[in-house]
2 protein chains.
Amino acid sequence: MELRQLRSLIALAENGFSVSRAAERLHLVQPAVSQHLRLLEDELGAPLFVRTGKRLTGLTDAGGKVLAHARGTLAEVANIVAIGRDHVEEGRGVLRIGSTHTQARYVLPPVLRRFSQAYPEVEVQILQSTPGQLVEMTLADQVDLAICTEAIGEHPAFTTLPSYRWNRCLIAPLGHPVLSRRPISLGVLCEYPMITYLYGFTGRGRLSSSFAKVGLRPRVVLSAADTDVIKTYVREGMGVGVIADLAFQPEQDADLGMRDLSHLFPWEVTKVAYVREKYVRRFQQRFMDLFQEEANRLGSRVRVQAPGQAPAPE
Amino acid sequence: MELRQLRSLIALAENGFSVSRAAERLHLVQPAVSQHLRLLEDELGAPLFVRTGKRLTGLTDAGGKVLAHARGTLAEVANIVAIGRDHVEEGRGVLRIGSTHTQARYVLPPVLRRFSQAYPEVEVQILQSTPGQLVEMTLADQVDLAICTEAIGEHPAFTTLPSYRWNRCLIAPLGHPVLSRRPISLGVLCEYPMITYLYGFTGRGRLSSSFAKVGLRPRVVLSAADTDVIKTYVREGMGVGVIADLAFQPEQDADLGMRDLSHLFPWEVTKVAYVREKYVRRFQQRFMDLFQEEANRLGSRVRVQAPGQAPAPE
DNA sequence: CGTTCTTACGTGTGTCGTAACGATC
DNA sequence: GATCGTTACGACACACGTAAGAACG
C-alpha cells in the first residue's frame, strides 16, 4: 500500500467521485489515479467503490471505513511534516485561530500583539464563527485551535485547556435609573427592555436558563452576535445591556455605567481546544501560553475590578 | 515521504538503533535502510538521530516525536489492511485475548466454545497476565482486546465495555465452623486464617481496603494469583477462602461450602477494553457480543444464585 | 581487525504521462 | 458526440542489492 493511493482515495471522495477531477486536484493525469484506486482495491481484496457502469458513484461499506483510516493515516503524515517545518522554518507559518467575536475583539488583541512581536513571520488568521461551527472547523482542520466558551465541552477528540472564567455585567447609559437600583436582582432586570447576545453566543443559553429557573422572562428587545452592536443600541437608549464582563472597557465606555451581575448567573469558562492527535507547532504552543498568561491577568482583573467598578450612585 | 521510511525508523528504534539489525528484520539490506533514514531526515530538514561518529545511538527530540507519529501512521495503515482481510478471509485470523486467570478459567470457556463453533478457522490465543500488564499489552498491540476488572479504568486510548459485576464469596470445607456463623461480618472473617488473591489480582486491593476502612486486618496466610490454588489450600484445611463468586462451581466444588459476601465488599465491574483507534474485525466484534451475552447470563446467575446457594446450616 | 555505516553503481520494478479505445449519458 | 473511465505502451525515476570504501572500538 502506498500513501499516494490513499491520497487518491481521499481526493476521489472529496470531488464527487470523479476520477478526472481528483486527478486534476492531485496534479496527476487521470489514468494514474485510476491505477491507484485499482491497486488499492486489488491489494485489499475488497470492493471499495460502488460502480454504475465504469463510473464510480460512491463507497461501499468497506470503502467508507478505509476512507476514514486513510484520513487518519495522512493526518499522521501531516503531523510528521509539521514536526519538520517546526525546525526548518521555526518562526514561520500560519496560525489559524477559530474564535468568537467576543474573544477576537476583547481578549485576543493584547495576546496577538505580544505574539506577533515574538513571531513576526507567522501569519495569524482569525476565523470568526459561532461556537458550534468552531467545533466543526477544528475537527475538519480548518483552524489549528478554537477559543470559545460553549459547545466544545468534553468532545473526546479535543484537548481542552480551561483558560479563564467570566460572568455578565449590566451596562446602561450614565444616569439610567437601573444603575442606582440596590440590589440588582433578576426581577429588577426584567423591568427594563434588555439587549444581549443571540442564542448560541457568549453564554446566552445559560443566561436565559437563569431567568427561566425562577419563572421570569426578560424583555429582550434586541439580540445580537457581538458586544459592539449591543453597546451601540444601549447608547441609543433602546434598553439596558447584559454583556460579558470582559467586554466592558472602562476607558472607551466611560459614557456607560456598569454593574457586576456575577451574583445572578453561573460563571462561564472559556477554553482553548485543539484536536488531541495533532502535532502542536512551537509557535502554536507559544500562542496558547501567551493566551493563558493573558487569561490569568484577565481573571484577576475581572475578579478584582468587578465590585470596585460599580458606578457610584447618582 | 514514504511508508517504508517510517517502517525503517520504527525498526531502527526497536532494534537498539542498529541499522543492520533493523534491515535484517525488515528483510532488506542495510544500505537500503540507511537511505530510508537519510531521505526521511533530509525531507523533514530536522536532525532525527543522535550520532556518535557514524553510529546512530538515539533519537533527538524531534526524532522521538516523529517516531510516535510514524507509529500512528502505520497503525492506521494496519487498520486499512485489517479491513481488507475482513472481507478476503472473513472467518479466518487470530483472536488474541488478554485476560486474567479468573476470566480464562471461569468465564471464557462457554464463550469460546460458542465462538469456535461460529469461527472454527479463527485461532484463539489467550494471553494470561496481570491487569497492569494487560493494559500495556493492549496498548502495544500484543493483544486485540483485554478482559479485566482492574487497572483498565478510564484510559483515554481505550474503548471499554462494562460487562458484568461480581463480588466475593467465602469458601470453606463442608463442616467448617465459619459456614454456620450468622451473619458473616468483616469481624467474623478476621477470626479465621484467610486465603485469597495476590495484590493486583481479582479485586484484592478493594478487598483489603474494606477491612482497613473499619480498622480490621484479616490474617491472610496465603495469597495466590488464581482461584484454583486458593481452592486447593482451602481443601487442605489451611484456611477459609475469599474468592470471586463466579469462580465457585457448585458441581465441581460440592465438597466446599459457599457463603455470599456481597454485603461486605464493593461490587467489581469486569470490562472488555480495546484500543479506540483500532479497527475491530468482524469476528472480534462477534466475540465481544458473545462475551456480553455470557456476561448477562452470568450477571443474573450471580445475582439469583448467590443468596440461594448459601449452604444449609449443619 | 572486525563491526558498522557510507558511498558508488547497476539492474529491475513501477509510476506516471501520452495516446488510443470503449462505454455511458 | 462529448465526457469519463479503462487499456496499452514507453520513458524516466528510483528503490533495492552488490560491492567497495571509511570510521570506530
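In what follows, chains carry the letters A, B, and so on, assigned in the order in which the sequence lines appear, proteins first and then strands, with residues in each chain numbered from 1.
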(request) Using only heavy-atom distances, determine whether the side chains of B/Thr73 and A/Thr73 contain a donor-acceptor pair under 3.5 Å. (result) no
(request) Return yes if a side-chain donor-acceptor contact under 3.5 Å exists between A/Tyr279 and A/Asp86, otherwise no. (result) yes
(message) At under 4.0 Å between heavy atoms, how does the protein contact nucleotides 5-16 of chain D? Give one character per nucleotide, 5' to 3', with B, S or -.
(response) BBB-------SB
(request) Using salt bridge (Lys or Arg N to Asp or Glu O under 4.0 Å) as the criterion, list what pairs up with A/Glu123, not counting sequence neighbours. (result) none
(message) With no hydrogens and no angle check, just 3.5 Å: does a side-chain donor-acceptor pair link B/Glu76 and B/Asn79?
(response) yes
(message) Within a 6.0 Å radius of atom CZ on A/Arg71, are there more than 12 heavy atoms belonging to other residues, nucleotides or ligands?
(response) yes
(request) Compute the bend angle of the helix from C/dC1-D/dG25 to C/dC25-D/dG1 from the end axes (five pairs per end), rounded to 10°. (result) 30°
(message) Whether the B/Arg276 and B/His155 side chains hold a donor-acceptor pair (N or O, under 3.5 Å, no angle test) is what I'd like checked.
(response) no
(request) At the 4.0 Å heavy-atom cut-off to chain B, mark where contacts on DNA chain C begin and end, going 5' to 3'. (result) C/dT4 to C/dT7
(message) Rounded to whole Å, please give me the gap between CG in A/Asn15 and C1' in D/dC4.
(response) 15 Å
(message) Just to verify, what does A/Tyr119 make a ring-ring contact (aromatic ring centres under 6.0 Å, His included) with, not counting sequence neighbours?
(response) A/Phe115
(request) Taking the side chain as every heavy atom from C-beta outward, state whether A/Leu134 and A/Val143 have any atom pair closer than 4.5 Å. (result) no
(message) Any donor-acceptor pair under 3.5 Å linking the side-chain atoms of B/Thr270 with those of B/Thr149?
(response) yes
(request) Applying side chain to side chain donor-acceptor pair (under 3.5 Å), name anything that partners B/Gln30, two or more places apart in sequence or on another chain. (result) B/Ser34
